[in-house]
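Have a look at the structure below, then the notes.
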Amino acid sequence: MSHSMLKNIWLPYTQMQTCNSPIIAKKTQGSVITLQDGTELIDGIASWWTACHGYNHPYIANHVQQQLQKMPHIMFGGIIHEPAICLSQKLAKLLPGDLNKVFFTESGSVAVEVAMKMAIQFWLNQSKITKTKILSFYGGYHGDTMATMAVCDPEEGMHHLFKDVLPHQHIIPLPTTKELKQQFRNFLENHHHEMAAILIEPLVQGAGGMLFHDPDLLLFLRRQANHYNILLIFDEIFTGLGRTGSLFACNQADVVPDIITLSKALSGGTMALAATIAREHIFNGFLSEHENHALMHGPTFMANPLACACANASLELFNQYDWKINITHIEAQLSQELSACLQLDIVKDVRVKGAIGVVELYKIDKLNLLKTKLLQHHVWIRPFRNIIYLTPSFTITTAELSKLTRAIFDVLSH
Ligand SMILES: *Cc1c(COP(=O)(O)O)cnc(C)c1O
């Protein structure tokens, strides 16, 4: 029997038949979620990695309040506004190379779809009509819409269930070893004429399993993409904006993709906002006397002024405290405290990169039970498949982070 509060609600990734105890959040502050019954939870995942500076940051709240007085929303077709101008300039300045042309959307999935559409149309505008496929990797996650599901890990993207409706894309293993690199080259040798772009989450494949790879791999992809005349898209929706210890993951490899996608932490976890940013040569590929060479996309709420105001404030916050030092501390604390889990038989691996801590189990049998137990420790942690992970805000305190790591150890060892 379902709880009456859930009478009209359909939750994501949830079997509603067995979901009967809704958790009702009342307010948030810093890294704390207060529930309706007064219980306080330490948030270990910063609301799906969005609240990078912690909840209710006064600097962001102040900016959005000021914007609310002036103009909550206006369409972006044929008219622009100061918050979007400011944000586009900030992003162009922060991003490496000539990633200068910003296209705004309102969700990560759509930002990835726009990147794919951009890549394909870039070639179509040059009459290269065969380059329409996107190459992606096992373990990848790029969104839940039809086109993005097709480039997710086949299992994660439920390709078997949707096999007759998803567009067919090539998905191959990440070229992490010498053999796989050769396999990758062979693949491109045979298929480069049909490939528009290579799509990857640089350094960390997030929702697909919190898998890490070395910066070298990105350099390899950049070289291969150049060699075979294929675009390179970095989906930094998870890794972007500090999470891996540098402002963008691509900074660690010194590689500039042709297109990059951002969302999640872009507005500091305050409002829905995403961006697809292209390099100059991609943008120039759409300049023409032909009207239909323009990028044919335009979400109704794109570049929403309130969301842009949040993002402007959030980006300014990166200059107002030493977030890199915070992440260095978080990384060291996660490594030290989570390593205790390695002594448990059920634990396969513990790994940490930046403000990402992962405990990988051989198997989680009772995921819902595990979630309940974590809640009993007054922490908000959302394990999935065989993974328990922490992606706290960069402003979490040492004591709060300890509470999170201890809860994981206690739950796993009992
Ligand atoms: C979350 C995520 C997306 C999808 O973003 P939504 O806003 O949920 O549509 C795409 N790519 C990556 C890497 C993500 O982490």
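Note that ligands are numbered from 1 as they come in the structure, with each ligand's atoms numbered from 1 the same way. Note that these values count all heavy atoms, side chains included, but never hydrogens, waters or copies made by symmetry. We count residues from 1, following the sequence as given.
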Students should be able to answer this: which protein heavy-atom is nearest to [atom], and at what distance?
| atom | value |
| --- | --- |
| atom 7 (O) of ligand 1 | Gly108 N, 2.8 Å |
| atom 14 (C) of ligand 1 | Lys264 NZ, 3.0 Å |
| atom 4 (C) of ligand 1 | Ser109 N, 3.5 Å |
| atom 11 (N) of ligand 1 | Asp235 OD2, 2.7 Å |

| field | Gap between atom OG of Ser246 and atom CG of Asn251 - 0.5 Å precision | value | 5.0 Å
| field | Electrostatic pair Arg222:Asp258 at N-O distance under 4.0 angstrom | value | yes
| message | With a 4.0 Å cut-off on N to O distance, would you call Asp365 and Lys363 a salt bridge? | response | yes
At a 4.0 Å threshold, what atoms of ligand 1 neighbour a non-hydrogen atom of [X]?
| X | value |
| --- | --- |
| Glu201 | 13 (C) |
| Trp49 | 15 (O) |
| His142 | 10 (C), 11 (N) |

| field | Tyr228 and its side-chain hydrogen bond (donor to acceptor under 3.5 Å, both in side chains) partner, picked from Glu189, Arg185, His192, Arg223 | value | Glu189
| Gln336 atom CD, over 12 foreign heavy atoms within 6.0 Å | no
| said: The criterion is side chain to side chain donor-acceptor pair (under 3.5 Å); which residues satisfy it with His297, sequence neighbours excluded? | reply: Lys117
